[in-house]
J.: 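One structure coming up, written as structure tokens, with questions to follow.
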Amino acid sequence: MISKKKKITVNTIVALVFFALIAWAVVILLKPSNGNVQAKEDQWSEIKEKKSITIGLDDTFVPMGFRNSAGKIVGFDVDLAEKVFSNLGIKVNWQPIDWSMKETELNTGNIDALWNGYTKTPERAKQVAFSTTYHRSQLALVVKKSSGVKHFSDMQGKVLGVQTGSSGETALNSQPSVLKKYIAGQKAVGYDTFDKAFTDLNANRLTGLLVDEDYARYYIKQQANPNDYGIMTGGFAVSDDVVAFRKGDNGLRRAVDRELAKLEKSGYVHELELRWFGQSSQNLT
């Protein structure tokens with residue numbers, strides 16, 4: 001006759017084995033096959049077969065990728081990306097996205113790459129893979145001259161704007177001694193697009209805006225009175241612009257790198273820089 005204590009022990013063991021088997025079965029059922037994992041890891045074969053790729057961008061980010069007065073997406077990055085993929089026999093489909101969610105959009109497969117003044121940072125390296133650097137830029141503080149701000153220190157107690165999720169926001173927070181320590185509340189106002197931030201700058205709701213110098217100079221050039229604005233640089237590190245891919249998309253990344261190298265060697269990238277920025281990034285160190 002089995003004692004009550006032993007019966008409880010046997011029942012407990014049986015229950016544990018039963019639940020372990022269920023857990024094992026669930027794992028097996030949910031685990032994707034090797035074929036599915038491989039398909040998610042490298043999309044290059046599929047992209048070549050479809051002859052099309054979807055690239056995400058913030059379509060207000062002049063002069064990298066934005067909509068012109070006719071509503072067409074144009075810009076330095078647009079020209080460069082379309083040249084790269086045209087050489088590869090692939091059509092580019094441009095997909096405007098919420099820039100603060102860019103890595104999520106990429107890694108969930110809604111887009112195949114990010115190509116829009118995307119800056120290489122250690123934080124981003126944890127989430128995506130980078131192409132080789134194709135352009136260098138630096139951050140600039142943009143103000144209205146009427147504000148009297150001529151140096152970063154003149155922003156003491158004043159309101160600063162940045163784009164949420166941008167390299168400018170990252171640099172501001174990672175290098176607080178450069179500018180952040182001066183601004184009101186030591187916290188910048190975040191905007192989903194730069195054009196909204198410039199609207200607030202023009203309305204004096206902001207005193208300064210931290211943005212890529214390329215963007216700043218292009219935007220100011222389009223204003224009715226360009227001389228109303230001042231631009232300050234220095235202090236922040238020069239940044240490298242790269243294309244972002246999913247970490248597993250090695251075939252796609254290598255193909256883009258090969259084409260970028262060819263276009264750099266031919267002088268095409270330099271010509272694009274002069275056309276869109278009026279200057280080359282080769283002198284930035």
J.: If you look at every heavy atom in Ala129 and Arg253, which pair is closest and at what distance?
T.: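 It is CB-CD, 4.3 Å.
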J.: For residues His135 and Leu272, determine if any side-chain heavy atom of one lies less than 4.5 Å from a side-chain heavy atom of the other.
T.: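 Result no, sub-4.5 Å side-chain heavy-atom pair not found.
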J.: Under 6.0 Å between the ring centres of Phe66 and Tyr218?
T.: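 Judged by ring-centre distance (under 6.0 Å), Phe66 and Tyr218 do meet the cut-off.
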J.: Applying side-chain contact (heavy atoms from CB on, under 4.5 Å) to Leu209 and Asp200, what does each step give before you reach the verdict?
T.: CA-CA 10 Å; Leu209 175 61; Asp200 276 5; over 6 Å; no
J.: With no hydrogens and no angle check, is any side-chain donor or acceptor of Ser131 less than 3.5 Å from a backbone partner on Val243?
T.: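 Answer holds: yes.
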J.: Determine the minimum heavy-atom distance between Asp241 and Ser137, stating which atoms define it.
T.: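 Smallest heavy-atom distance, with atoms named: OD1-OG, 3.9 Å.
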J.: Say whether, by atom type as modelled, one donor and one acceptor occur between the side chain of Gln163 and the main chain of Asp192 under 3.5 angstrom.
T.: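 Yes: the side chain of Gln163 pairs with the backbone of Asp192.
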J.: Would you compute the distance between atom CZ of Arg258 and atom OG1 of Thr132 and round it to the nearest 0.5 angstrom?
T.: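 Between atom CZ of Arg258 and atom OG1 of Thr132 there are 11.5 Å.
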J.: Determine, step by step, whether Leu160 and Val189 satisfy the side-chain contact (heavy atoms from CB on, under 4.5 Å) criterion, reporting the C-alpha distance in whole Å, the side-chain angles of both residues, the deciding distance to 0.1 Å, and the verdict.
T.: CA-CA 6 Å; Leu160 176 76; Val189 178; over 6 Å; no
J.: Could Lys83 and Asp79 be called an ion pair, given the rule that one side-chain N must be under 4.0 Å from one carboxylate O?
T.: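 So Lys83 does not pair with Asp79 through a salt bridge.
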J.: So do the side chains of Asn93 and Ile53 get within less than 4.5 Å of each other, counting heavy atoms only?
T.: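 SC-SC contact between Asn93 and Ile53 ruled out.
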J.: Is a donor on one side and an acceptor on the other found under 3.5 Å between the side chain of Glu264 and the backbone of Leu260?
T.: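 Not confirmed, Glu264 side chain does not pair with Leu260 backbone.
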J.: Taking NZ, NE, NH1 and NH2 as the nitrogens, is one of them in Glu259 or Lys262 under 4.0 Å from a carboxylate oxygen of the other?
T.: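 A salt bridge is present here (some side-chain N lies under 4.0 Å from a carboxylate O).
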J.: Does the side chain of Met155 reach to within under 4.5 Å of the side chain of Leu179, using non-hydrogen atoms?
T.: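 Contact flag for Met155/Leu179 side chains = yes.
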J.: Aromatic rings Phe76 and Phe277: how do their planes relate, parallel, tilted or perpendicular, breaks at 30° and 60°?
T.: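 If you compare the ring of Phe76 with that of Phe277, the planes turn out tilted.
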J.: Compare all side-chain heavy atoms of Val256 with those of Trp44 and state whether any distance is below 4.5 angstrom.
T.: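 Not in contact.
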J.: Atom CG in Asn107, atom CG in Asn110: separation rounded to 0.5 Å?
T.: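 Reported to 0.5 Å precision, the distance equals 10.5 Å.
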J.: Looking only at heavy atoms, which two atoms of Gly65 and Asn116 are closest? And how far apart?
T.: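 Taking every non-hydrogen atom into account, N-ND2, 3.4 Å.
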J.: Kindly say whether Ala70 contributes a backbone atom to a donor-acceptor pair with the side chain of Asn68 at under 3.5 angstrom?
T.: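 Flag set: sc Asn68 to bb Ala70 pair under 3.5 Å.
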J.: Is a side-chain donor or acceptor of Ser166 paired with a backbone partner of Val162 at a separation under 3.5 angstrom?
T.: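 Looks like no, no N/O pair under 3.5 Å.
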J.: Once rounded to the nearest 0.5 Å, what's the spacing between atom CG of Asp195 and atom CZ of Arg67?
T.: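 The CG atom of Asp195 sits 12.5 Å away from the CZ atom of Arg67.
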J.: Of the non-hydrogen atoms in Leu172 and Ile183, which two are nearest, and what is the gap between them?
T.: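 Smallest heavy-atom distance, with atoms named: CD2-CD1, 4.5 Å.
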J.: Could you pull out the closest heavy-atom pair between Leu106 and Ala113, with the gap in Å?
T.: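 Between these two residues, the closest heavy atoms are CD1-N, 3.6 Å.
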J.: Is there a chain of hydrophobic side chains (I, L, V, M, F, W, Y, each step under 4.5 Å between heavy atoms) that links Phe61 to Val128?
T.: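 No, Phe61 does not connect to Val128 through the hydrophobic network.
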J.: Test your reading of the model: is there a side-chain donor-acceptor pair from Ser147 to the backbone of Val143, 3.5 Å cut-off?
T.: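 Between the backbone of Val143 and the side chain of Ser147 there is no qualifying donor-acceptor contact (under 3.5 Å).
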J.: Which distance, rounded to the nearest 0.5 Å, do you find between the CZ of Arg217 and the CG of Asp212?
T.: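 Arg217 CZ to Asp212 CG: 12.5 Å, rounded to 0.5 Å.
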J.: About how many Å separate CD1 of Ile220 and CD of Glu213, when rounded to the nearest 0.5 Å?
T.: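 Between atom CD of Glu213 and atom CD1 of Ile220 there are 9.5 Å.
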J.: Take a 6.0 Å sphere around CD of Gln222 and say whether it holds more than 12 heavy atoms from other residues, nucleotides or ligands.
T.: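 Count over threshold, so yes.
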J.: Near Lys51 NZ, under 6.0 Å, is it more than 12 heavy atoms from other residues, nucleotides or ligands?
T.: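 Atom NZ in Lys51 is not crowded, with 12 or fewer foreign heavy atoms closer than 6.0 Å.
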J.: Under a 4.5 Å side-chain heavy-atom rule over Ile, Leu, Val, Met, Phe, Trp and Tyr, are Phe236 and Val211 clustered together?
T.: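 Each belongs to a different hydrophobic cluster.
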J.: Quick one: does Trp99's side chain get under 4.5 Å of Phe194's, heavy atoms only?
T.: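 Result no, sub-4.5 Å side-chain heavy-atom pair not found.
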J.: Does the pair Glu271/Arg275 count as a salt bridge with the N-to-O cut at 4.0 Å?
T.: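 Looking at Glu271 and Arg275, the cut-off is not met.
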J.: How long is the span from the CZ atom in Phe130 to the CG atom in Leu114, to the nearest 0.5 Å?
T.: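 Rounded to the nearest 0.5 Å, the CZ-CG separation comes out at 10.5 Å.
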J.: Between Arg124 and Tyr118, is NZ or CZ placed under 6.0 angstrom from the six-membered ring centre and within 45° of the ring axis?
T.: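 Yes; both conditions hold, so Arg124 lies above the ring face of Tyr118.
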J.: Kindly say whether Ala244 contributes a backbone atom to a donor-acceptor pair with the side chain of Lys120 at under 3.5 angstrom?
T.: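 Absent.
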J.: Only one of Lys48, Arg246, Lys50 forms a salt bridge (charged side-chain N to carboxylate O under 4.0 Å, His left out) with Asp112, so which one is it?
T.: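 So, applying the salt bridge (charged side-chain N to carboxylate O under 4.0 Å, His left out) to Asp112 and each of Lys48, Arg246, Lys50, only Arg246 qualifies.
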J.: Do Leu80 and Leu263 pass the side-chain contact (heavy atoms from CB on, under 4.5 Å) test, and can you show the C-alpha distance, the side-chain angles, and the key distance before you say yes or no?
T.: CA-CA 9 Å; Leu80 184 55; Leu263 295 176; 3.9 Å; yes
J.: Does the pair Ile73 and Leu57 meet the rule for a side-chain contact (heavy atoms from CB on, under 4.5 Å), with working shown?
T.: CA-CA 10 Å; Ile73 292 178; Leu57 83 164; 3.8 Å; yes
J.: If you define the side chain from C-beta out and look only at heavy atoms, does anything of Asn204 sit under 4.5 Å from Lys144?
T.: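 Yes, side chains in contact.
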J.: Would you say Ser239 and Ser167 are linked by a side-chain donor-acceptor pair, where the criterion is simply a distance under 3.5 Å?
T.: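 Checked: Ser167/Ser239 side chains show no N/O donor-acceptor pair below 3.5 Å.
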J.: Grouping I, L, V, M, F, W and Y whenever their side-chain heavy atoms are under 4.5 Å apart, do Leu206 and Leu141 come out in a common cluster?
T.: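 They do not share one cluster, since no chain of ILVMFWY contacts under 4.5 Å joins Leu206 to Leu141.
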J.: Under the criterion ring-ring contact (aromatic ring centres under 6.0 Å, His included), which of Tyr134, Phe245, Trp94 is the partner of Trp115?
T.: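 Single ring-ring contact (aromatic ring centres under 6.0 Å, His included) partner of Trp115 among Tyr134, Phe245, Trp94: Tyr134.
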J.: Which atoms form the tightest heavy-atom contact between Gly234 and Val178, and what is the distance?
T.: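 Reported closest heavy-atom pair: O-CG1, 4.3 Å.
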J.: Answer yes if the ring centres of Phe152 and Tyr182 are under 6.0 angstrom apart, and no otherwise.
T.: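 Not under 6.0 Å, so no.
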J.: Does the pair Asp240/Arg136 count as a salt bridge with the N-to-O cut at 4.0 Å?
T.: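 Yes, Asp240 and Arg136 are salt-bridged.
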J.: Under 4.5 Å between any side-chain heavy atoms of Lys180 and Asn173, yes or no?
T.: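 Yes - at least one pair of side-chain heavy atoms lies under 4.5 Å apart.
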J.: Using the rule given for side chain to side chain donor-acceptor pair (under 3.5 Å), can you reason through Gln138 versus Asp214, listing the C-alpha separation, both sets of side-chain angles and the distance that settles it, and then say yes or no?
T.: CA-CA 8 Å; Gln138 60 185 339; Asp214 295 330; over 6 Å; no
J.: Do Ile55 and Gln95 make a side-chain contact, defined as non-hydrogen atoms from C-beta onward lying under 4.5 Å apart?
T.: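 They are not in side-chain contact.
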J.: Under 3.5 Å, side chain of Asp154 to main-chain N/O of His151, donor-acceptor pair present?
T.: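 Yes; at least one donor-acceptor contact below 3.5 Å.
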